[in-house]
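First comes the structure, then the notes that go with it.
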2 protein chains.
Amino acid sequence: MMASGKGKPSGKPSLVDADTHVESFRQTRTNRRTELVEDYVELIDDLILDGGEARQVDIVQRLGVAQPTVAKMLKRLVNDGFIQQKRYRGIFLTEAGKALAAKSRERHRIVERFLRAVGVSEEAARIDAEGIEHHVGDETLSVFKAFVERNGRGDNT
Amino acid sequence: MMASGKGKPSGKPSLVDADTHVESFRQTRTNRRTELVEDYVELIDDLILDGGEARQVDIVQRLGVAQPTVAKMLKRLVNDGFIQQKRYRGIFLTEAGKALAAKSRERHRIVERFLRAVGVSEEAARIDAEGIEHHVGDETLSVFKAFVERNGRGDNT
DNA sequence: CCGAAAGCATAGCCATTGCTATGAATTTCC
DNA sequence: GGAAATTCATAGCAATGGCTATGCTTTCGG
Ligand SMILES: [Mn+2]
Ligand SMILES: [Mn+2]
Ligand SMILES: [Mn+2]
Ligand SMILES: [Mn+2]
């Protein structure tokens with residue numbers, strides 16, 4: 001059986017322990033399952049803040065996907081208790097939705113500003129942050145935040 | 001119609017232009033479609049380097065998914081021309097597979113070391129890098145690389 | 001050399017995320 | 001006030017990524 005111990009310890013053990021390895025992949029898969037929800041509620045919140053309302057059409061235009069794709073996702077968000085839908089009047093966030101949106105937007109902001117602060121261009125920071133944000137854990141986020149506060153941040157606030 | 005111009009310019013225009021916004025989301029969706037392939041070929045390459053061979057069973061154990069999940073994915077990788085499968089003898093990378101693996105591993109290493117260099121713990125860096133890596137574009141990667149080379153890197157090499 | 005164990009393949013299921021095509025409801029504007 | 005345009009809903013399809021259950025092959029230990 002030999003439960004513990006490496007199989008073939010060669011030159012440099014470039015590979016970490018299997019149980020440790022699997023932990024990273026599991027966490028990444030978990031993050032992937034919540035990415036879209038985070039982007040939606042954050043976008044809805046932004047649209048409301050920016051223009052007073054969030055319409056399905058606006059979401060469609062900003063995400064760059066087809067309208068039924070958004071419609072289906074919104075149904076899921078209603079089911080999960082993040083939004084309320086009033087036909088032809090817009091999308092509204094529930095308390096849970098507002099909380100998730102606030103958390104997501106804050107994390108997004110920090111990640112993007114961190115990228116700017118470390119020297120990434122505005123465009124690349126904007127694009128990369130949209131994907132990176134969902135995989136930044138609490139500890140990393142606080143490190144990023146401290147870095148941004150310590151060094152100058154890219155542009156605003 | 002009014003094709004150009006903001007709808008309601010309120011206090012701070014927290015929202016970027018729609019076409020600009022959609023670009024980020026599109027890129028993120030594109031990245032998501034290649035994440036798994038990158039992780040697989042990188043892992044296969046690591047397993048071969050570490051133990052001389054990459055077996056389906058090893059991949060199963062390291063990814064933490066069920067065996068048929070890996071079997072299906074490997075079939076896809078064969079189809080896409082990244083690997084070759086010899087039953088009961090292991091998985092082998094094609095030239096395309098080796099190239100993708102090398103690129104992915106290098107990017108992964110840089111991202112993880114960058115996180116360490118900026119002050120993230122070993123465990124958090126390991127976990128977060130597994131997800132972040134796939135969303136780091138060329139420019140951001142070179143910035144990270146320069147940072148690691150300038151400042152001390154977390155641990156090895 | 002042969003039976004058990006390990007490794008792998010396959011079938012069939014489900015959830016998610018995207019699409020097109022189409023139709024219904026609501027607003028808007030003349 | 002009604003026709004046209006917008007907005008939204010729904011049906012149906014496909015690809016991806018996961019699962020369990022099951023059975024076939026190959027390898028290995030005795
Ligand atoms: Mn975001
Ligand atoms: Mn995002
Ligand atoms: Mn990787
Ligand atoms: Mn990864």
Side-chain angles (χ1 to χ4, degrees), chain A residues 1-3 7 18 22 25-41 43-44 47 51-80 82-92 130-131 134, chain B residues 1-3 7 18 22 25-41 43-44 47 51-80 82-92 130-131 134:
Chain A
M1 285 302 173
M2 195 144 18
V22 84
F25 284 123
R26 262 193 231 283
Q27 182 60 56
T28 297
R29 284 196 298 273
T30 297
N31 291 340
R32 284 203 262 256
R33 288 207 330 263
T34 56
E35 280 178 324
L36 257 193
V37 173
E38 290 167 356
D39 280 338
Y40 267 81
V41 298
L43 176 56
I44 290 165
L47 286 169
E53 60 176 13
R55 310 290 294 257
Q56 203 180 100
V57 173
D58 303 329
I59 301 174
V60 165
Q61 217 205 333
R62 298 231 156 227
L63 289 182
V65 295
Q67 173 262 322
T69 300
V70 172
K72 198 189 288 185
M73 188 61 188
L74 291 180
K75 210 183 280 181
R76 180 182 155 194
L77 293 181
V78 169
N79 244 86
D80 292 359
F82 290 119
I83 67 170
Q84 234 185 305
Q85 249 186 123
K86 303 192 180 172
R87 252 164 313 199
Y88 299 90
R89 312 230 29 149
I91 314 292
F92 303 90
E130 192 58 75
H134 311 282
Chain B
M1 284 303 173
M2 196 135 30
V22 83
F25 284 123
R26 263 192 231 281
Q27 183 60 56
T28 298
R29 283 196 299 273
T30 297
N31 290 339
R32 284 204 262 257
R33 288 208 328 266
T34 56
E35 279 177 326
L36 256 192
V37 173
E38 291 167 355
D39 280 339
Y40 267 81
V41 296
L43 176 57
I44 290 166
L47 285 169
E53 60 177 12
R55 311 291 294 256
Q56 203 181 101
V57 173
D58 303 329
I59 300 174
V60 165
Q61 217 205 332
R62 298 232 156 226
L63 288 182
V65 295
Q67 174 261 323
T69 299
V70 172
K72 198 191 288 186
M73 188 62 187
L74 290 180
K75 211 183 278 182
R76 181 182 153 194
L77 292 182
V78 169
N79 246 87
D80 293 358
F82 290 119
I83 65 169
Q84 235 184 304
Q85 251 188 121
K86 303 191 180 175
R87 253 164 312 202
Y88 299 90
R89 313 231 29 151
I91 315 291
F92 303 89
E130 191 57 75
H134 310 283

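In the text below, chain A, chain B and the rest are named by the order of the sequence lines, each starting its count at 1. These values consider heavy atoms only, across backbone and side chains, with no hydrogens, waters or symmetry-generated copies. Note that the structure is a prediction, hence the values are computed from the model and not measured.
- Between B:Lys75 and C:dT10 there is a side-chain N or O to OP1 or OP2 distance below 4.0 Å.
- Regarding contacts with the backbone of D:dT25, every side-chain N or O of B:Arg87 stays at 4.0 angstrom or more from both OP1 and OP2.
- Counting distance only, with no hydrogens placed and no angle test, the side-chain atoms of A:Tyr88 and the base atoms of C:dA25 include a donor-acceptor pair under 3.5 Å.
- Using a 4.0 Å cut-off, no side-chain N or O of B:Gln67 falls inside it from OP1 or OP2 of C:dA6.
- With rounding to whole Å, A:Ile59 atom CD1 is found 13 Å from D:dT7 atom P.
- Computed from coordinates, the B:Gln85 CD to D:dT26 C1' distance equals 15 Å when rounded to whole Å.
- Around CD of B:Gln61, the count of heavy atoms belonging to other residues, nucleotides or ligands within 6.0 Å does not exceed 12.
- Toward the 5' end of DNA chain C, the nearer of the two residues A:Gly64 and B:Asp58, judged by each one's closest nucleotide, is B:Asp58.
- Residues A:Tyr40 and A:Val70 are in side-chain contact: their nearest non-hydrogen atoms beyond the backbone lie under 4.5 Å apart.
- Using a 4.0 Å cut-off between charged side-chain N and carboxylate O, B:Glu35 and A:Arg32 make a salt bridge.
- Of the candidates D:dG17, D:dC8, C:dC19, C:dC19 carries the atom nearest the A:Pro68 side chain, counting heavy atoms from C-beta on.
- With rounding to whole Å, A:Asn31 atom CG is found 16 Å from D:dG17 atom C1'.
- Remark on DNA chain C: of its neighbouring residues B:Arg32 and B:Ala71, the 5'-side contact belongs to B:Ala71, judged by nearest-heavy-atom nucleotide.
- We find that CG of B:Leu77 is positioned 15 Å from P of C:dC8, with the value rounded to whole Å.
- Look at CG on B:Leu74: it is 15 Å from C1' on D:dT16, rounded to the nearest Å.
- Remark: the backbone N or O of B:Arg55 is paired with a side-chain donor or acceptor of B:Asp58 at under 3.5 angstrom.
- With C:dG7, D:dG17, C:dT16 as the candidates, the nucleotide lying closest to the side chain of B:Val57 is C:dG7.
- Phosphate contact (OP1/OP2 of C:dT17, side-chain N/O of A:Thr69, threshold under 4.0 Å): absent.
- A donor-acceptor pair is defined here as one N or O able to donate and one able to accept, closer than 3.5 Å; such a pair exists between the side chain of B:Thr30 and the backbone of B:Arg26.
- Between C:dA6 and B:Gln56, no contact under 4.0 Å exists linking OP1 or OP2 to a side-chain N or O.
- Between B:Ile83 atom CD1 and C:dC8 atom P there is a gap of 12 Å when expressed in whole angstrom units.
- Residue order along DNA chain D, read from the 5' end via each residue's closest nucleotide, puts A:Lys86 first among A:Lys72 and A:Lys86.
- In this entry the distance linking CZ of A:Arg89 with C1' of D:dT6 reads 15 Å, nearest Å.
- Regarding B:Arg33, its CZ atom lies at a distance of 20 Å from the P atom of C:dT16, rounded to whole Å.
- Listed pair A:Arg29 / D:dG17 fails the phosphate criterion, with no side-chain N or O lying under 4.0 Å from OP1 or OP2.
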